[in-house]
Amino acid sequence: MKFREFEGEVEEIVAESCRASGYKDFEADVSLPPNDEYGDLASAVPIRVAKRSGQKPGDVAVTIASKAIEFAKKSKYVGSVSPHRGGYLNFSINAPRFIADSVSDIASGDLGAERKAGEKIAIEHTNVNPNKALHIGHARNLVLGDSLVRVMRYLGHKVQALNYVDDSGAQVADIIVGFRFLGLPDEAPEGVKYDVYCGDSVYAKVNQEYAKNPSLKEKQSFVLKEIEKGSGEYADYTRAIVRRILDSQLSTCWRLGATYDLLNWESQLVHSKMWEKIFETLKKIGYVKYQDLGENKGCWVIPDAETGEEKVVVRSDGTVVYVAKDIPYAAWKLGLSNDPFGYEVYADDQPGGVLYSTTLEGKKSGVHFGNAELAISVIDTRQSYLQRIVAKVLDKLHEGASRRYMHRSYEVVSLSKKTASAIGFEIEGEFAHMSGRKGLYVNVDTMLGKLKEKAKVETRKRNLAESDEWVDAVAEAVAVAALRYELLKQDPDKMIVFDMEEALRFQGDTGPYLLYTYARARRILDKTEGKPRVNLASAAKLTTKKEIQLAKKMSMLDISASTAGEYLSPKEIARFSHDLAVAFNEFYEGVPVNKEPDPELRDARLALVDASSRVLAESMRLMGVPVKDRI
RNA sequence: GGGCCCGUAGCCCAGCACGGAUAGGGCGUCAGCCUCCGAAGCUGAAGUGCGAAAGCUCAGAGACCGUGGGUUCGAAUCCCACCGGGCCCGCCA
């Protein structure tokens with residue numbers, strides 16, 4: 001997009017004019033000034049030069065500026081250069097040319113980043129145990145992961161979105177225990193989602209019973225052993241139940257706008273024997289060691305050179321611990337071991353395209369997964385230690401492999417005191433961590449329901465003539481927008497203390513604000529007699545600060561997205577979208593479009609509305625925030 | 001005991017990667033703006049001066065950036081220590 005081109009020119013000018021002034025080896029750093037009264041881009045290079053040469057920064061700035069002014073004459077988008085006595089070089093943009101070019105690029109559909117040779121990237125996210133419905137903590141994972149998938153694709157990478165299903169763990173076994181040993185019905189009551197039923201009723205009930213009746217725990221280990229076998233009555237039954245719960249979870253994921261390319265099953269990973277091969281290699285190189293005495297007697301362990309501690313990977317009974325399942329999964333993603341899987345269609349009705357599943361039956365379906373150049377795992381921060389162990393082991397399998405394995409960690413979502421109280425838990429501090437066992441959580445479906453209810457009221461108020469179906473569809477979009485944006489905009493390193501009341505806000509820095517802004521822009525375009533078109537002459541009439549601000553902002557999407565990709569930080573897109581929406585609303589309130597008497601100027605403004613709304617829609621798409629023409 | 005993360009207005013958050021020009025938003029509070037392209041929005045913080053008006057000009061709420069040191073011409077940003085909060089360090093997943 002054009003702002004980046006402008007930036008490139010400025011960098012070039014700074015570098016050339018430094019050289020021409022006899023200042024060598026200075027990085028031509030360019031940044032946005034704190035205030036646009038200084039200009040549209042600035043460089044602090046004179047300060048650095050002055051530091052080395054002992055001159056005054058302001059004098060250096062004048063010297064370099066005199067050269068820069070000459071170089072700028074050849075440039076396309078640099079309007080003027082001026083030195084600042086504090087030691088800055090300030091560059092202003094050639095607004096008419098910049099706006100005319102930006103608008104026509106965007107109007108022709110060019111919303112993308114500079115296409116580089118895309119990498120093959122595997123992004124793992126969601127990974128919810130198939131025994132319960134998604135709660136808002138899982139939603140944070142999903143939103144982060146799915147937005148990363150979208151951003152990476154926008155940047156031109158070839159992305160595989162992976163969802164890991166732990167279909168053989170204790171949590172699944174608990175559901176089976178409930179059905180088979182506590183006599184709980186394996187059908188949900190009328191009107192209750194299957195995953196909600198299993199999580200809210202079955203899982204909670206089974207855990208209560210464990211506390212009362214410890215012998216029930218033996219049933220759990222019995223079920224686990226049966227599942228492990230992979231065949232037989234219990235294994236088959238579990239497979240069917242897992243599938244029902246998973247499908248129910250997937251409907252929620254899809255509702256949130258997240259889709260996947262492949263499901264990886266833990267049971268298949270275990271049966272694939274990948275671990276056994278890796279284990280042999282690790283034994284051969286002496287990285288895993290057998291302990292014949294001490295507290296880890298009878299176990300295979302890997303040492304941690306830094307802490308001097310060791311991590312058990314194979315228990316004394318020969319079974320593997322959790323991290324030893326993550327290692328082959330990571331190795332498979334990066335193509336560090338042979339691919340034991342076939343691939344088959346799991347769902348062809350997924351909104352974003354076919355969802356595949358691994359299989360050990362050998363069917364390939366003509367598709368390929370794994371073998372990625374980069375693997376990103378969206379996993380909460382509590383697993384950072386284990387993820388570091390996985391990375392270290394990868395390095396032992398293949399020199400430097402850990403550089404291609406990235407853990408996108410994030411803090412958990414907890415509940416505010418008020419919200420905990422609203423669902424029947426009186427707590428000590430200001431917030432409480434969610435707990436599936438205790439039943440202390442807010443389900444995604446519940447939250448979307450509340451958001452939608454409120455959105456319906458708000459939407460109906462503004463659209464008295466519309467059908468119920470129409471209002472429903474809009475309210476659904478508003479609900480999803482509100483939740484996704486809320487979970488995405490905050491830094492992943494910060495805990496979200498979720499408060500129901502606050503999350504129900506549709507004003508200010510929220511998803512619905514973006515939807516509203518887009519609809520506002522569409523309204524202008526729908527009502528107009530004019531045509532969105534602009535040329536150099538009419539662009540020159542766009543002279544107000546609000547118009548220029550909007551034009552600049554809209555052509556920075558690619559810059560924000562690059563940052564988001566580089567730092568695995570999709571909240572950059574949230575900042576961008578909000579800034580763009582603010583710029584649009586200020587423009588909207590500040591200058592007339594359809595009421596503008598000068599038809600040339602009106603059309604130029606229309607073109608600006610058209611282009612900026614396209615960019616807004618694209619940035620919303622990158623966050624998985626739905627877009628509606630009217631709300 | 002070892003390690004990771006967080007601490008910025010009454011509340012919630014940006015900014016920290018790459019040190020630089022008046023620390024940005026949102027909520028809330030208060031005051032305005034719908035006969036004027038959608039008020040899920042915008043403007044302002046009793047205002048001053050110029051002007052017929054659009055508007056311009058000046059002024060202008062809320063922050064010891066957890067605390068204390070250090071590095072630097074310059075620190076919210078880098079380094080160290082401490083305080084407060086959260087998390088992890090399992091033959092659970």
Side-chain angles (χ1 to χ4, degrees), chain A residues 27 29 31 33-35 37-38 42 44 47-48 50-51 57 84-88 90 129 166 168-171 266 295-301 304 306-309 311-323 325-326 380-386 388 409 411-412 414 429-431 433 455 458-459 461-463 478 482 489-497 499 502 505-517 519-528 563 566-567 569 571 574-575 578-579 581-582 585-586 588-596 605-606 609 630-631:
Chain A
E27 205 187 327
D29 61 331
S31 59
N35 185 320
E37 278 159 31
Y38 291 116
I47 298 176
R48 266 175 273 293
K51 187 177 181 177
H84 185 275
R85 59 187 163 75
Y88 294 90
N90 291 323
N129 280 322
D166 179 0
S168 56
Q171 298 203 9
E266 178 165 287
E295 56 176 350
N296 293 329
K297 187 178 173 192
C299 299
W300 289 87
V301 303
D304 185 333
E306 287 161 38
T307 63
E309 290 171 9
K311 171 73 191 164
V312 172
V313 287
V314 178
R315 301 183 188 106
S316 52
D317 66 359
T319 58
V320 301
V321 303
Y322 169 75
V323 70
K325 294 171 189 169
D326 241 21
D380 79 55
T381 181
R382 293 172 300 189
Q383 289 197 42
S384 296
Y385 172 69
L386 288 175
R388 272 198 299 276
S409 80
E411 261 292 349
V412 296
S414 62
E430 287 308 303
F431 62 89
H433 287 288
E458 296 295 319
T459 307
K461 262 198 282 194
R462 296 164 175 82
N463 297 279
V478 170
K489 72 171 179 184
Q490 190 152 327
D491 192 281
D493 285 336
K494 280 184 177 163
M495 187 201 290
I496 293 178
V497 179
D499 186 83
E502 235 170 274
R505 247 186 42 238
F506 292 167
Q507 288 112 17
D509 188 10
T510 65
Y513 174 72
L514 303 178
L515 271 168
Y516 172 77
T517 304
R520 238 182 169 188
R522 292 300 318 173
R523 195 67 157 179
I524 294 178
L525 295 165
D526 290 344
K527 283 193 156 178
T528 193
T563 309
E566 190 179 349
Y567 298 107
S569 182
K571 72 161 185 195
R575 309 285 324 158
H578 179 250
D579 289 351
V582 167
N585 282 314
E586 286 178 2
Y588 182 97
E589 305 272 351
V591 298
V593 180
N594 288 330
K595 293 190 178 351
E596 167 57 46
R605 285 189 181 144
L606 273 174
V609 170
R630 288 195 300 121
I631 67 168

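The sequence lines fix the lettering, A, B, ..., with proteins before strands; numbering per chain opens at 1. All values below were derived from every heavy atom in this structure, side-chain atoms included, with hydrogens, water molecules and symmetry-related copies excluded.
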Would you call [X] and [Y] a side-chain contact if the rule is heavy atoms closer than 4.5 Å?
| X | Y | answer |
| --- | --- | --- |
| A:P592 | A:R605 | yes |
| A:R630 | A:R523 | yes |
| A:I631 | A:N463 | no |

Base, sugar-phosphate or nothing for [X]? Non-hydrogen atoms, less than 4.0 Å.
| X | value |
| --- | --- |
| A:P33 | base |
| A:E586 | sugar-phosphate |
| A:N585 | sugar-phosphate |

Report task. For A:N90 and for A:I524, locate the closest nucleotide of RNA chain B by heavy-atom distance; then report the residue assigned to the nucleotide nearer the 5' terminus. Result ->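 That would be A:N90.
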
Atom [atom1], compared across [N] and [M]: separation rounded to whole Å:
| N | M | atom1 | value |
| --- | --- | --- | --- |
| B:rU22 | B:rC65 | P | 16 Å |
| B:rG74 | B:rG69 | P | 16 Å |
| B:rA75 | B:rA23 | P | 13 Å |
| B:rA39 | B:rG32 | C1' | 13 Å |

Is any side-chain nitrogen or oxygen of [X] closer than 4.0 Å to OP1 or OP2 of [N]?
| X | N | answer |
| --- | --- | --- |
| A:K571 | B:rG15 | yes |
| A:R520 | B:rA39 | yes |
| A:Y513 | B:rC42 | yes |

Query - Dot-bracket notation for RNA chain B, counting Watson-Crick and G-U pairs under 3.5 Å, with | for partners on another strand - result: (((((((..((((......[...)))).(((((.......))))).(.((....)).).......(((((..]....))))))))))))....

Report task. Nearest 0.5 Å please: distance from the CD atom of A:E37 over to the CG atom of A:N90. Result ->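 That separation rounds to 11.5 Å.
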
**Report entry** Nearest-nucleotide pick for A:F506, side chain only, options being B:rU22, B:rA40, B:rC13
**Finding:**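 So the side chain of A:F506 is nearest to B:rA40.
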
Just the table, please: protein N/O against nucleotides 55-57 of chain B N/O, every pair under 3.5 Å.
none

For nucleotides 73-78 of chain B, give me every protein contact, N/O to N/O, under 3.5 Å, one pair per line with atom names.
{"unit_1": "B:rC73", "atom_1": "N4", "unit_2": "A:K51", "atom_2": "NZ", "d": "3.3"}

**Report entry** Test side chain to side chain donor-acceptor pair (under 3.5 Å) applied to A:E586 - qualifying residues, sequence neighbours left out
**Finding:**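 Side chain to side chain donor-acceptor pair (under 3.5 Å) check on A:E586 returns nothing, list empty.
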
Query - Whether A:Q490 side chain and A:M495 backbone form a donor-acceptor pair below 3.5 Å - result: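 Here the side-chain-to-backbone pair exists.
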
Taking only N/O atoms, report every protein-nucleotides 25-32 of chain B pair under 3.5 Å with atom names and distance.
{"unit_1": "B:rG26", "atom_1": "O2'", "unit_2": "A:R505", "atom_2": "NH2", "d": "3.2"}

Report task. For the pair A:D29 and A:R48, find out whether any cationic side-chain nitrogen is under 4.0 Å from an anionic carboxylate oxygen. Result ->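 So A:D29 pairs with A:R48 through a salt bridge.
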
Just the atom pairs and distances: protein N or O near nucleotides 86-93 of chain B's N or O, under 3.5 Å.
{"unit_1": "B:rG86", "atom_1": "O3'", "unit_2": "A:H433", "atom_2": "NE2", "d": "3.1"}
{"unit_1": "B:rC87", "atom_1": "OP1", "unit_2": "A:H433", "atom_2": "NE2", "d": "3.3"}
{"unit_1": "B:rC89", "atom_1": "O2'", "unit_2": "A:E309", "atom_2": "OE1", "d": "3.1"}
{"unit_1": "B:rC91", "atom_1": "O3'", "unit_2": "A:R315", "atom_2": "NE", "d": "3.0"}
{"unit_1": "B:rC91", "atom_1": "O2", "unit_2": "A:S316", "atom_2": "OG", "d": "3.1"}
{"unit_1": "B:rC91", "atom_1": "N3", "unit_2": "A:S316", "atom_2": "OG", "d": "2.9"}
{"unit_1": "B:rC91", "atom_1": "N4", "unit_2": "A:K297", "atom_2": "O", "d": "2.8"}
{"unit_1": "B:rC92", "atom_1": "OP2", "unit_2": "A:R315", "atom_2": "NE", "d": "3.0"}
{"unit_1": "B:rC92", "atom_1": "OP2", "unit_2": "A:R315", "atom_2": "NH2", "d": "3.4"}
{"unit_1": "B:rC92", "atom_1": "O3'", "unit_2": "A:R315", "atom_2": "NH2", "d": "3.4"}
{"unit_1": "B:rA93", "atom_1": "OP1", "unit_2": "A:R315", "atom_2": "NH2", "d": "2.5"}
{"unit_1": "B:rA93", "atom_1": "OP2", "unit_2": "A:R315", "atom_2": "NH2", "d": "2.8"}
{"unit_1": "B:rA93", "atom_1": "OP2", "unit_2": "A:Y322", "atom_2": "N", "d": "3.2"}
{"unit_1": "B:rA93", "atom_1": "O3'", "unit_2": "A:D166", "atom_2": "OD2", "d": "2.7"}
{"unit_1": "B:rA93", "atom_1": "O2'", "unit_2": "A:D166", "atom_2": "OD2", "d": "3.1"}

